[in-house]
Amino acid sequence: MKTNSHIKGQSEAQSLRFNQIKKVAKVAAIIVGAIIGTLVWAMVRPVIRGAGWVISIITAIMIIFWLFTL
C-alpha cells in the first residue's frame, strides 16, 4: 500500500519535470521567434525602403506639378 509521502514525492517529481519541459519549450519558442523575426525583417526591410522611395518620388512630382499650376 502506498503512503501519503510516496504520493507526495511522485507529485513533486511530476511538477519538477513539468517545469523543466516548460523552460525548454520557452527557450525553443524564443529561438524560433528570433529566427522568424530575422527572416521577416530581412524580407520586409527592402520592400519598405522601396515604398519610401516611391512615396518620395510621387510627392516630389506632385509638388512640382502644384508649383507649375500656380
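Just so we're clear, the structure is a prediction, and the values are computed from it rather than from any experiment.
By the criterion of side-chain heavy atoms lying less than 4.5 angstrom apart, applied directly or through intervening Ile, Leu, Val, Met, Phe, Trp or Tyr residues, Ile31 is grouped together with Leu39 in one hydrophobic cluster.
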Only distances under 3.5 Å count here; give the side-chain donor-acceptor pairs of residues 42-70 to other protein atoms, sequence neighbours excluded, each with its distance to 0.1 Å.
| unit_1 | atom_1 | unit_2 | atom_2 | d |
| --- | --- | --- | --- | --- |
| Ser56 | OG | Gly52 | O | 3.0 |
| Thr59 | OG1 | Ile55 | O | 2.7 |
| Thr69 | OG1 | Phe65 | O | 3.1 |
| Thr69 | OG1 | Trp66 | O | 3.0 |

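Here the straight-line distance linking atom CD1 of Ile35 with atom CD1 of Ile30 works out to 12.5 Å at 0.5 Å rounding.
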